[in-house]
Amino acid sequence: MKKLLAIMLVLALVLAGCASSGGEAAGDSVNISFGTGGTSGTYYTFGGVLAGVLGNAVDGVNISVQSTGASKANIQLIADGEAQMALVQNDTMDYAYKGTDLFADEGAVKGFMTMGGIYAEVCQIVTSDKITSIEELKGKVVSVGDAGSGTEFNARQMLEAYGITFDDIKVANLGFGESANAFKDGKIDAFFVTAGAPTTALVDLATTNTINILEIDDEHAKMLMDKYPFYTQYVVPSGSYNGVDGDKKTVAVKATLIVSEKLPEDVVYNLTKAMFENKAEIAASHAKGESLDPKYAVEGMSVPFHPGAEKYYKEVGVIQ
């Protein structure tokens, strides 16, 4: 009888271990909540396409998309265990990981890792054709984005590379739409925008106003990237905006996929692999899918890769 009870106890412990395996046991599903952004934004629409394709491509994975407050909120959701995957800007995740800038009050946030960069969010400085260089912004009225926004930090850092501080300009804190309207009315001389290019607000503005996109030359771009490794160089192609002729050199941050460090290695590996192997299907439903590229995905990343993503990138030779 004692022997039978012992056998039953062992079996019970084995079964309990299988039940608590967090989706790793054969036949179990892994449920992933995917944080994106507002329902009218690119994060939400692209996230929906990505979730659908990856959910079909990877067996045993169910992905549900949730609308959120985007980058900062998404990092906090993963840290709290309320999301397992999210889209964020790579500069914002750098701040979170180090506890600086946008996260200076909260301190460093842990629990998330990098899956890969997806597409460029381009840092654009918009002026009239009367201003042709960043140095000429001194003394001008410049909108640097909403107070506390990622754009505001981009503006501060980009100006810093040229030896300019906010004390050297007349700062206005306006969103993209407000900035465009203020520019039309002659209330500001220039404004910063961090968004995919071409940016709709700027396309519309260029139909009624002459605009210029200021360039960041190689020397200053290197200074910026050396201090803030989440930046990469980017060229806004000629003709992106009405009247803006010639390619314009600038810098960009990246819309980036992050995942919970608690997701199993094999799950993240399969998701990463499926994302790149199904690029054509993703791109057919959303233009941002065209940017998917393993080499691009690993550039400008300052937060460690999830072991599953790292395994894939090593396989394809983009990291050692």
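Keep in mind the model is a prediction, meaning the values are calculated, not measured.
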Which residues satisfy the side-chain contact (heavy atoms from CB on, under 4.5 Å) test with [X], sequence neighbours excluded?
X: K314; result: E310, I319
X: T39; result: Y44, S67
X: A120; result: V122, Y234, A252, Y296

Donor-acceptor pair, side chain of [X] and main chain of [Y], under 3.5 angstrom:
X: Q89; Y: K254; value: no
X: S285; Y: I282; value: no
X: D189; Y: V142; value: no
X: S29; Y: V61; value: no
X: N173; Y: G145; value: yes
X: S240; Y: V236; value: no
X: T114; Y: G116; value: no
X: D168; Y: I164; value: no

Does the side chain of [X] come under 3.5 Å of the side chain of [Y] through a donor N or O and an acceptor N or O?
X: E136; Y: S133; result: yes
X: N74; Y: T68; result: yes
X: N62; Y: N31; result: yes
X: S33; Y: Q84; result: no
X: T207; Y: N242; result: no

Which residues satisfy the side chain to side chain donor-acceptor pair (under 3.5 Å) test with [X], sequence neighbours excluded?
X: Y269; answer: E315
X: Q124; answer: T199, Y241
X: T36; answer: none
X: T151; answer: none

Any side-chain heavy-atom pair from [X] and [Y] closer than 4.5 angstrom?
X: M113; Y: V268; value: no
X: R156; Y: D101; value: no
X: I118; Y: L292; value: yes
X: E290; Y: Y119; value: no
X: T45; Y: H286; value: yes
X: N154; Y: V144; value: no
X: E160; Y: M223; value: no
X: K227; Y: Q157; value: no

With [X], which residues qualify under ring pair (Phe, Tyr, Trp, His ring centres under 6.0 Å), at least two apart?
X: F230; result: Y95, Y228
X: F34; result: none
X: F276; result: Y312

Are more than 12 heavy atoms, taken from residues, nucleotides or ligands other than [X], located less than 6.0 Å from that residue's [atom1] atom?
X: K110; atom1: NZ; result: yes
X: D59; atom1: CG; result: no
X: K184; atom1: NZ; result: yes

Please find the pair of heavy atoms, one from [X] and one from [Y], that lie closest to each other, and give the distance.
X: T194; Y: E121; answer: CG2-O, 3.9 Å
X: L102; Y: G148; answer: CD2-O, 2.6 Å
X: M85; Y: L271; answer: CE-CD1, 3.6 Å
X: V65; Y: A51; answer: CG2-CB, 3.5 Å
X: F166; Y: A155; answer: CE1-C, 4.2 Å
X: S179; Y: I188; answer: O-CD1, 3.4 Å

[atom1]/[X] to [atom2]/[Y] distance, rounded to the nearest 0.5 angstrom?
X: L257; Y: T272; atom1: CG; atom2: OG1; answer: 8.5 Å
X: I169; Y: S143; atom1: CD1; atom2: OG; answer: 9.0 Å
X: T165; Y: K138; atom1: OG1; atom2: NZ; answer: 8.5 Å
X: Y231; Y: C123; atom1: OH; atom2: SG; answer: 5.0 Å
X: N270; Y: K311; atom1: CG; atom2: NZ; answer: 8.0 Å
X: F176; Y: F191; atom1: CZ; atom2: CZ; answer: 9.0 Å

Between [X] and [Y], is there a shared hydrophobic cluster once you connect ILVMFWY residues whose side-chain heavy atoms come closer than 4.5 Å?
X: Y43; Y: V53; value: yes
X: I134; Y: L202; value: no
X: V126; Y: L137; value: no
X: L77; Y: I258; value: no
X: V253; Y: I75; value: yes

Problem - Ring-face cation contact, F46 with K288, 6.0 Å cut, 45° max - result: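 K288 over F46 ring: no.
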Exercise for the section: Identify whether the distance between the nearest side-chain nitrogen and carboxylate oxygen of K72 and E106 falls below 4.0 Å. Expected result: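 A salt bridge is present here (some side-chain N lies under 4.0 Å from a carboxylate O).
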Considering only distance and modelled atom types, tabulate donor-acceptor pairs under 3.5 Å from the side chains of residues 211-218, sequence neighbours left out.
residue: N212; atom: OD1; partner: K248; partner atom: NZ; Å: 3.4
residue: N212; atom: ND2; partner: I131; partner atom: O; Å: 3.1
residue: E215; atom: OE2; partner: K249; partner atom: N; Å: 2.7
residue: D217; atom: OD1; partner: E219; partner atom: N; Å: 3.1
residue: D217; atom: OD1; partner: H220; partner atom: N; Å: 2.9
residue: D217; atom: OD1; partner: H220; partner atom: ND1; Å: 2.9
residue: D217; atom: OD2; partner: H220; partner atom: ND1; Å: 3.0
residue: D218; atom: OD1; partner: Q233; partner atom: NE2; Å: 3.0
residue: D218; atom: OD1; partner: K249; partner atom: NZ; Å: 3.3
residue: D218; atom: OD2; partner: K249; partner atom: NZ; Å: 3.2

Distance-only donor-acceptor pairs under 3.5 Å for side chains of residues 299-309, two or more places apart:
residue: E299; atom: OE2; partner: K295; partner atom: NZ; Å: 2.8
residue: S302; atom: OG; partner: D94; partner atom: OD1; Å: 2.4
residue: H306; atom: ND1; partner: G308; partner atom: N; Å: 3.0
residue: H306; atom: NE2; partner: L263; partner atom: O; Å: 2.8

